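All values derive from a computational prediction rather than experimental measurement.
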Amino acid sequence: MAAPVLRWLCPGRCWAFARIGGCSCHGRGVPTASTSSGKRGQSSVARQSLITAQEPRKGDREWAAVVGLEIHAQISSNSKLFSGSQVHFAAPPNSLVSFFDASLPGTLPVLNRRCVEAAVMTGLALDCRINKKSLFDRKHYFYADLPAGYQITQQRLPIAVDGSLAYSVCVGKKLGQAVTRTVRVRQIQLEQDSGKSLHDDLRSQTLVDLNRAGVGLLEVVLEPDMSCGEEAAAAVRELQLILQALGTSRAIMAEGQLRVDANISVHHPGEPLGVRTEVKNLNSARFLARAIDYEIQRQISELENGGEILNETRSFDYKLGCTVPMRDKEGKQDYRFMPEPNLPPLLLYDSASLPAGADPQQVINIDRIREQLPELPSVTREKLVRRYGMLPEHSFALLNEVGLLEFFQNVMKETRAEPKKVASWVLNTFLGFLKQQNLAVSESPVTPSALAELLNLVERKAISSSAAKQVFEELWRSEGKTPAQIVAEKQLELMQDDEALEQLCRATMEAHPQVVMDLKKGNPRAINKLIGLVRKATLGRADPTAIKEVLERQLSG
C-alpha cells in the first residue's frame with residue numbers, strides 16, 4: 001500500500017492530504033515531439049470559471065499520480081540555431097530577424113556549432129548516451145508566428161538519450177530532511193523556437209514578433225517518474241542549476257528561457273494508467289507545483305464523482321489557482337514529420353573515432369567536451385557540507401539564489417565566526433532583507449566585507465547578537481558606514497564593567513521581588529524575565545549570558 005503523500009496545493013504553505021502512490025511508468029511516457037506552440041487556441045482566462053478540486057471522500061480507494069515533463073531551455077548563444085541573427089531579450093519587435101528566420105524563398109539553414117556543443121555538454125552532465133549520428137526533422141503546423149509552416153526539430157534520432165537527473169525533495173513534518181530521488185531523461189533534442197504572438201482583444205487582432213523565431217532550444221524530456229508537484233518543481237530547479245553551472249542556458253524562467261509542459265494522469269495502483277492531460281507553458285517552479293497538484297486533485301475529484309478525464313491541453317491560471325481547458329487532443333494532430341532535406345545528418349566523434357587530420361573547427365569531439373565539464377551543483381553541495389559542516393538544506397539554499405554562494409564564501413574569507421553562524425546570518429538575515437525589497441544578491445547595499453566585520457565584532461564579544469541586528473539594519477540603510485562606526489555612534493558596545501553589572505542585577509531583583517519568588521518556586525521562565533529587565537536597563541548593551549551568570553550567582557549566594 002502506497003504511503004500517504006503531502007502536497008503543497010496553494011500559497012500560504014497549505015498542505016493537502018490524499019492517498020497518492022508512487023510513480024509507475026509501465027511503458028507510458030510523455031510525447032517526444034516539441035510542443036512549443038502550446039499557446040495556440042487559448043481562450044481568455046477571464047471567461048473561465050474556477051473549478052474547485054475536491055478532496056477524495058473518506059474511505060475511497062487510494063490513487064496514484066503519474067507526472068512527466070517536457071522542458072524547453074533556450075541555449076546561451078550569441079546567434080540563432082540556423083541563422084546569424086543575434087539573440088537578445090527584450091529587443092525591439094522584429095529587429096533581430098534574418099531572411100531565413102522570416103522564411104524568404106531560397107534561404108537555407110546553417111547549423112550553429114555553439115548550440116550543438118551546448119546540447120552535448122548538457123547530455124553528458126545528465127549521464128546521457130550521446131548519439132554520434134543524429135538527424136533533423138520538420139514538424140509541420142500552421143500558425144502566424146511560424147512563417148515556414150514547420151519547425152526544425154529532432155523527432156527520429158535526437159542528439160542525446162537515456163540519461164538521469166538526481167534531485168532532492170524535503171520530507172518529514174518539519175520539511176528539514178532532504179531525500180534524493182532520480183528521474184530518467186528520455187532524450188535531449190535540438191530544435192528552433194517559434195516567434196511570439198501578441199493577441200490584442202480590444203482590436204480583435206494579433207501582432208507577431210519574430211525576434212524569437214529560430215532561437216536554439218534544448219528540449220529535455222523527462223520520463224513520468226514523478227508523482228506530485230513538489231517533485232516536479234524540485235527536478236526542474238535542479239536542471240535549472242545544472243544548465244546555469246554548465247553555461248548552456250541562462251534558464252531564467254521569468255524571461256521565458258525555461259518553459260515546462262507537464263503531462264499528468266491518475267489511476268488506482270495495479271490498474272492501467274489513466275487518461276492524461278497536458279498543462280502547457282509553465283514559467284515558474286512555484287506555478288508548476290501548484291498546477292500539477294491542482295490537476296491531480298481535479299482528476300481525482302472528477303473520477304470520484306463519476307466523470308471522465310478528457311485527453312486535452314490545459315493552461316494554468318495563476319490568479320485563480322486552477323487549470324483551464326485550451327483544446328482537446330482526442331483527434332491526434334498530424335504533424336507530418338519528415339526528414340529535413342536541407343540539413344545532412346549531424347556527425348559527432350570521440351577520441352577513438354576522430355578522423356586523422358580532422359579540422360577541429362569542423363568536427364566536435366565528445367571526449368574533449370567531457371573534459372571541460374565544470375563542477376555540477378550536486379558536487380558543490382557535497383563539498384559545502386563536508387568543508388563547513390553545514391546542514392544539507394543550507395547547502396541547497398546557498399545554491400538556489402544566484403550569487404549567494406559566492407557572497408557566503410567571501411564572508412568566510414574575512415571572518416573568524418563559525419561557518420554555521422555565517423550560514424545562518426546569510427540565509428536568514430541577509431537573504432530576508434533581499435527578499436523584502438526584491439533585490440538580487442549583486443544589488444545588496446551590504447558587502448561581504450561589512451558582514452564579516454560585523455560578525456567579527458560579535459565573535460570577540462564587542463557587541464551582543466541583538467545589537468548586531470541593529471547594526472545590520474543601519475548598514476542596509478546607510479551605505480558607506482562601517483559596522484565599527486555604527487557601533488560607536490549608537491553606543492552599542494557591550495558593558496565591560498562587571499561591578500556595574502552586578503549592581504544592576506541586584507537592583508533589578510530588589511525591584512521585582514515577585515519574579516524572584518517565582519524563580520525560587522521553580523518557574524524557569526522567571527530567569528528570562530529578569531534577564532530581559534536587566535538588558536532593558538542597560539539599553540541592550542549587556543550580554544544575556546553574562547547577566548544570567550550574575551543572577552544565578554546572586555540567587556545562590
Side-chain angles (χ1 to χ4, degrees), residues 22-36 66-76 115-135 137 153-169 179-191 216-249 251 253 257-264 276 278 282 285 288 292 346 348 366 369-370 373-379:
C23 216
S24 178
C25 298
H26 301 297
R28 178 185 175 101
V30 288
T32 58
S34 168
T35 51
S36 62
V66 177
V67 179
L69 303 177
E70 300 170 13
I71 304 166
H72 297 84
Q74 181 179 313
I75 299 171
S76 289
C115 293
V116 177
E117 291 176 336
V120 173
M121 181 172 284
T122 303
L124 292 173
L126 297 178
D127 295 323
C128 291
R129 171 169 54 85
I130 307 300
N131 286 322
K132 293 183 180 178
K133 177 182 178 181
S134 58
L135 304 173
D137 305 281
T153 182
Q154 292 189 307
Q155 188 261 346
R156 292 172 296 159
L157 190 57
I159 198 166
V161 295
D162 300 335
S164 63
L165 171 64
Y167 62 96
S168 294
V169 290
V179 175
T180 300
R181 292 177 180 161
T182 302
V183 57
R184 292 170 295 157
V185 177
R186 173 183 291 188
Q187 65 189 56
I188 299 175
Q189 62 195 50
L190 281 166
E191 64 183 26
L217 297 178
L218 292 174
E219 180 173 358
V220 182
V221 181
L222 302 184
E223 296 281 14
D225 296 340
M226 294 160 285
S227 61
C228 67
E230 187 77 7
E231 289 186 8
V236 168
R237 182 60 183 137
E238 184 68 14
L239 177 61
Q240 185 181 36
L241 291 173
I242 290 172
L243 294 172
Q244 291 169 345
L246 296 173
T248 54
S249 174
M253 299 188 82
Q257 295 174 0
L258 196 70
R259 309 191 294 274
V260 185
D261 302 334
N263 291 272
I264 306 146
R276 71 170 173 234
E278 183 179 30
L282 296 159
L288 172 67
I292 290 173
L346 174 59
L348 306 176
I366 299 170
I369 294 176
R370 193 191 310 274
L373 284 175
E375 183 176 281
L376 296 180
S378 58
V379 177

Distance alone, cut at 3.5 Å: any donor-acceptor contact between the side chains of Gln189 and Thr153?
yes
Exercise: identify the closest heavy-atom pair between [X] and [Y]:
X      : Y      : value
Gly123 : Ala160 : CA-CB, 4.3 Å
Ala245 : Pro374 : O-CG, 3.4 Å
Tyr167 : Ala234 : CD1-CB, 3.8 Å
Cys128 : Val185 : SG-CG1, 4.1 Å
Leu282 : Ala262 : CD1-CB, 4.3 Å

Decide side-chain contact (heavy atoms from CB on, under 4.5 Å) for Asp261 and His72; before the verdict, give the C-alpha distance in whole Å, the side-chain angles of both, and the deciding distance to 0.1 Å.
CA-CA 8 Å; Asp261 302 334; His72 297 84; 3.7 Å; yes
Atom [atom1] in [X], atom [atom2] in [Y]: separation rounded to 0.5 Å?
X      : Y      : atom1 : atom2 : result
Leu288 : Glu230 : CG    : CD    : 10.5 Å
Ser227 : Ile292 : OG    : CD1   : 10.0 Å
Leu157 : Leu135 : CG    : CG    : 5.0 Å
Asp162 : Arg186 : CG    : CZ    : 10.0 Å
Leu243 : Gln74  : CG    : CD    : 12.0 Å

Is the closest side-chain heavy-atom distance between [X] and [Y] below 4.5 Å?
X      : Y      : result
Leu348 : Val116 : yes
Leu376 : Leu246 : yes
Ile75  : Ser249 : no
Pro377 : Ile242 : yes
Pro224 : Asn263 : no
Leu124 : Ile130 : yes
Gln187 : Gln154 : no
Leu190 : Leu218 : yes

CA sep, side-chain torsions, deciding dist, call: Arg259, Leu217, side-chain contact (heavy atoms from CB on, under 4.5 Å):
CA-CA 10 Å; Arg259 309 191 294 274; Leu217 297 178; 4.2 Å; yes
Carefully, step by step, assess Met226 and Arg181 under the rule side-chain contact (heavy atoms from CB on, under 4.5 Å).
CA-CA 9 Å; Met226 294 160 285; Arg181 292 177 180 161; over 6 Å; no
Would Asp225 and Thr182 satisfy side-chain contact (heavy atoms from CB on, under 4.5 Å), going step by step from the backbone distance to the final call?
CA-CA 8 Å; Asp225 296 340; Thr182 302; over 6 Å; no
